[in-house]
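In what follows, a structure is listed as structure tokens, so that the remarks can point back to it.
Proteins get letters first, then strands, A, B, ... in listed order; numbering begins at 1 in each. These numbers were taken from a predicted model, which means no experiment stands behind them.
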Amino acid sequence: MAGQIRIEVNGKRHTLEVEDRDMPLLYALRDELGMSNPHFGCGLAQCGACTVHVNGAAVRSCVTPLSAVDGAKVTTLAGLGTPQHPHPLQAAYVAEGVPQCGYCINGWIMTAAALLQKNPHPTDAEIREGLSGLKCRCGTHVAILRAVKRAAQA
Amino acid sequence: MTMTEVNRRAILAGSGALVVSFTVPALAQTQGVMRGGKGRPPLDPRRLDSYLAVHENGAVTAYFGKIDGGQGTDVGIAQIVAEELDLPADKVAVVMGDTAATINQGGASGSTGIFKGGQAMRHAAAEARQALLAMAAKRLGAAPDQLSVADGVVSGNGKSVSYGKLIGGGYFELQVPWNGKLGNDLDIDSKAPLKDPAGYKVIGTSPPRRDVAAKVFARHEYVTDVRVPGMLHARVIRPPVAGATLVAVDEESPRGIAGVRVVAKNGFLAVVAEKEWNAVRASAALKAKWSEPAPVFASQEELYDHIRKSATRKRDEDKNQKRGDVEAALAGAAKRVEADYEWPFQSHASMGSACAVASFKDGAVTIWTGSQKPHYARDGVAAILDIPVDKVRAIWRTGPGSYGRNDAGDAALEAAVLSQIVGRPVRVQGMRAEGIGWDPKAPASIHRGRAGLDGNGKLVAYHFESKGFSRVDINSNESEPAHSLIGMTWGVPLHSLDGFGHPEHAYEIPNILQAWETIPPLLDRASPLRTAHMRDPCGPQVCFAHESFIDEVAFAAGADPVEFRLRHLPPGRDREVVQAAAQKFGWQSRVASTHRNDSADLVRGRGFAYTLRHPTIVAAAVEVEVDRRTGKVRVVRATVAHDCGRIVNPGLLRNTIEGNVVQGTSRSIHEEVRFDTRKVTSVDWKTYPILDITDAPEQIDIVLLDRRDAPSSGAGEPSTRPIAAAIGNAIFDATGDRIRRAPFSPERVRRGQA
């Protein structure tokens, strides 16, 4: 069903005229707003490469219909921090040189950011549990854990 | 961002605060010469200008005919070039992956980035240095051998001049002694003096990667992010079962979805749309009729029997390890051991399915591809479109994962064809099912070891045979349409090649024979189980079988696994790598599986494996935890000792090894492509599970043996190779069960199953 969707993305308000109000948020961000993140990984909410924050919670934008986020505040990795004002996780990721191909990066950083918001000093087990289900194919998991711990201590 | 990357300059950890600053390298000021544009002489492997440019500000651009998939090869190249030119590494920008700017050095291929690519670039830099010193000698009125260089400034005769002043912005216009080869083996037979490694200042240090900050701040342009004005979005529709061909298509079936066009050509089927979501919806709504071929695959349960019984297409005996009379020695051995091993098909399962963007106009095409071999993608595109190679420009952009010949090569050719047909730029991307279900697979195989021990517990006979699908059924690059899905769909003559691998080691065994045999593919045309190169092609499978078998022989000899390996290794680098891994791990001498506790449910064990990936040497020791009730295996910690000759960048080498240990662990414990008699049924992360972070190792220790006097050799893949064997050997130590079929999944490891 066609219609209008209002969303705020990284602090900027948008009114979108869409052909399909149930189009996943991912396609609105990439196609309608021309953003280069998040990434399409699976379209099945199985990998996390499309993760964004909707009103502060980490969600998989590839399966989130636009109709469910009408009026919501969306933050993407680009809105989480900048080189001048990095989020502690971004600074930690740079310091640890975490990503290889980095295509999975939205999932890990956005999920970890939401986790640290709720639980600023998680244990190693809580970090692992909190990030469970996210995929990284290059095998950077051990570096990811180092970075999240570093950010939690920052 | 295009060629300019945000570069991490420095991270200073202060009292609880992180200060991050970023710089844009000299590249930004030199866009004019970046891509063989303004004034740059035409690309020619015989011209020095094809490899290097010196800019007015004294900064250098190296044009590198390979790419980096996230391990930092480009940083290593910058270090190598900087070292020969006496520059700091951050004065050297590296352009790679654009066929209009770089010579074909093979792309990412066989761990040759530094090994071979670095050598060629070192020789090019030495030629440049020699030319610069000759210019400086003239300018300063000094003999070349009286000159010294520091930070790109040449001094002599009491005067000095910078590289920038000598040539900045201009071109060398010099010939170099190219060895006549393209691809991985391209080199420059340079007579220019090379810097003595004893004086190295840049090689051996660890400048950081140049793409990390851009990726972390969502500013890195992936191939999926390329946008071209007027671009349409496409989805390719694969047959529902393997071997099916397109009979008819209902072009009206994606009703009610705006701006959709159906493209059907010679059995190749796709939809294109103005909006990506509409292309996705249309691909789901499209109704097509496909032929219903008889089942083409052996069932999964019969896979290894099929390999065993299948006619051999090619046999190869290892020339490096061939001595004595194995059968006679086996007959006379005090003790004999035999065992069989099996390894499944595995998928690259990149984070995203492949994507490519093509813009065809006036008989020429530009293609943006995630293929790690863009020069070959260019050749394949030219061939499938039947246009001259010089009408194609391929530009590599980071893809969603790069571990060999994955689905990127197919997407490149398909995007080009679609753009030519619809007359607009086209972006193609696969849905999840295409990435795992239809990417070229790492081959499944069987292996048999036969060994004989003498009365002193030493190997007197060793016979090792592998038999499996070829690692080059689909070649390691997409330069021929015969090796692409669309080419095969269109009926081009097939060109399946034969290749596998032998165990690589330095064991001294008086009677030894190693061989492999390849068999034909299950389906020879457009198969979702066609096989190709995937990180360390055939290395994990062969090493799993061979080093598991060595462990079994050690057990039969009543020997500690490390001690048994050392018994057969002469003094030298291999031996030192094995010792280094054992020492760092804290290996205590005992026979495997003698300390195990069979009544406990949660048990731990340790395992060892060693391998060459010539000439790189790796040894791995792991500790695993096995839940006997569920069969779940977890690597608690891993130690890797690694000798790849002279180390260019130890920091990035560590990251590379860490990634390989984790990816290798995932493949060993979790990964197996599932299929039935008609299709691949592994199509997503539920049906092709990989390692979860809850199971990531707690600790990975890495010992780097830096051989300053030995040439640098490959490091991208070798540490993947011994992981499966080390884990399997650790499971045996923990449980007494020898798992001879990978992966070590719960149903195979659970108590009473082995």
Report summary line: Max heavy-atom pairs within cutoff under 4.5 Å with chain A, candidates B:Arg227, B:Gln663, B:Gln71, B:Glu698, goes to B:Arg227
Query raised in the report: Can you list the residues that meet the ring-ring contact (aromatic ring centres under 6.0 Å, His included) rule with B:Tyr688, with sequence neighbours excluded?
Result: none
Query raised in the report: What pair of heavy atoms forms the shortest contact from A:Pro99 to B:Val212, and how long is it?
Result: CD-CG1, 4.0 Å
**Report entry** Note: A:Arg30-B:Asp225 ion pair, threshold 4.0 Å (strictly below)
**Finding:** yes
**Report entry** Ring geometry between A:Tyr103 and B:Tyr222 (parallel below 30°, tilted from 30 to 60°, perpendicular above 60°)
**Finding:** perpendicular
Query raised in the report: Top residue by heavy-atom pair count (under 4.5 Å) with chain B, among A:Gly79, A:Pro38, A:Gly102?
Result: A:Gly102
Query raised in the report: Which region of B:Ile436, side chain (C-beta onward) or backbone (N, CA, C, O), has a non-hydrogen atom less than 4.5 Å from a non-hydrogen atom of chain A, or is it both or neither?
Result: neither
Requested in this report: Among A:Cys42, A:Cys47, A:Cys62, find the one that has a side chain to side chain contact (heavy atoms under 4.5 Å, CB included) with B:Arg432.
Outcome: A:Cys42
Query - By ring-ring contact (aromatic ring centres under 6.0 Å, His included) - contacts of A:Phe40 (at least two apart) - result: none
Query raised in the report: Where do A:Gly133 and B:Asp692 come nearest, in terms of heavy atoms and distance?
Result: N-OD1, 2.7 Å
Query raised in the report: Checking heavy atoms, do the side chain of B:Arg654, its backbone, both or neither come under 4.5 Å from chain A?
Result: neither
Query raised in the report: Which one of B:Asn655, B:Thr398, B:Asp684 has the most heavy-atom pairs closer than 4.5 Å to chain A?
Result: B:Asp684
Query raised in the report: Can you say whether B:Thr224 sits under 4.5 Å from chain A via the side chain, the backbone, both, or neither, judging by heavy atoms?
Result: both
**Report entry** Contact origin within B:His233 toward chain A - heavy atom pairs under 4.5 Å
**Finding:** side chain
Query - Which atoms of B:Val661 approach chain A - backbone, side chain, both or neither, heavy atom under 4.5 Å - result: neither
**Report entry** Exam field: side chain B:Lys215 to backbone A:Gln100, donor-acceptor pair closer than 3.5 Å
**Finding:** yes
Report task. Using non-hydrogen atoms and a 4.5 Å limit, figure out which bit of B:Gln429 sits close to chain A: side chain, backbone, both or neither. Result -> side chain
Requested in this report: Please flag which part of B:Asp695 lies under 4.5 Å from any non-hydrogen atom of chain A: side chain, backbone, both or neither.
Outcome: backbone
Report task. For B:Arg281 and A:Met23, indicate whether the former's side chain and the latter's backbone hold a donor-acceptor pair under 3.5 Å. Result -> no
Query raised in the report: Of all heavy-atom pairs between B:Ile693 and A:Trp108, which one has the smallest distance, and what is that distance?
Result: CD1-CZ3, 3.5 Å
Report task. Write down the atom of B:Pro400, the atom of A:Cys101, and the distance for their closest heavy-atom approach. Result -> C-SG, 4.1 Å
Query raised in the report: Is there side-chain contact between A:Pro83 and B:Arg219, with at least one heavy-atom pair below 4.5 Å?
Result: yes
Requested in this report: Name, in order of residue number, those residues of residues 2-21 of chain A that have a heavy atom at a distance of less than 4.5 Å from a heavy atom in chain B; otherwise write 'none'.
Outcome: A:Glu19, A:Asp20
Query - Proximity breakdown for A:Leu44 and chain B, heavy-atom pairs closer than 4.5 Å - result: side chain
**Report entry** Check against side chain to side chain contact (heavy atoms under 4.5 Å, CB included), A:Ile105 and B:Val216
**Finding:** CA-CA 7 Å; A:Ile105 202 165; B:Val216 166; 3.9 Å; yes
Query raised in the report: According to the salt bridge (Lys or Arg N to Asp or Glu O under 4.0 Å) rule, which pairs have a member within residues 131-143 of chain A, sequence neighbours left out?
Result: A:Arg137-B:Glu671
Query raised in the report: If you count heavy-atom pairs under 4.5 Å between each of A:His39, A:His141, A:Gln46 and chain B, which one has the most?
Result: A:Gln46
Query raised in the report: Heavy-atom distance under 4.5 Å to chain A: side chain of B:Thr656, backbone, both or neither?
Result: backbone
Report summary line: Okay, B:Ser402 and chain A: the region with an atom under 4.5 Å from a heavy atom over there is neither
Query raised in the report: Between A:Cys104 and B:Met351, which heavy-atom pair has the shortest distance, and what is it?
Result: CB-CE, 3.5 Å
**Report entry** Closest non-hydrogen atom pair, A:Gly139 against B:Val662
**Finding:** O-CB, 3.4 Å
Query raised in the report: With a 4.5 angstrom heavy-atom cut-off, which part of A:Leu26 approaches chain B: side chain, backbone, both or neither?
Result: neither
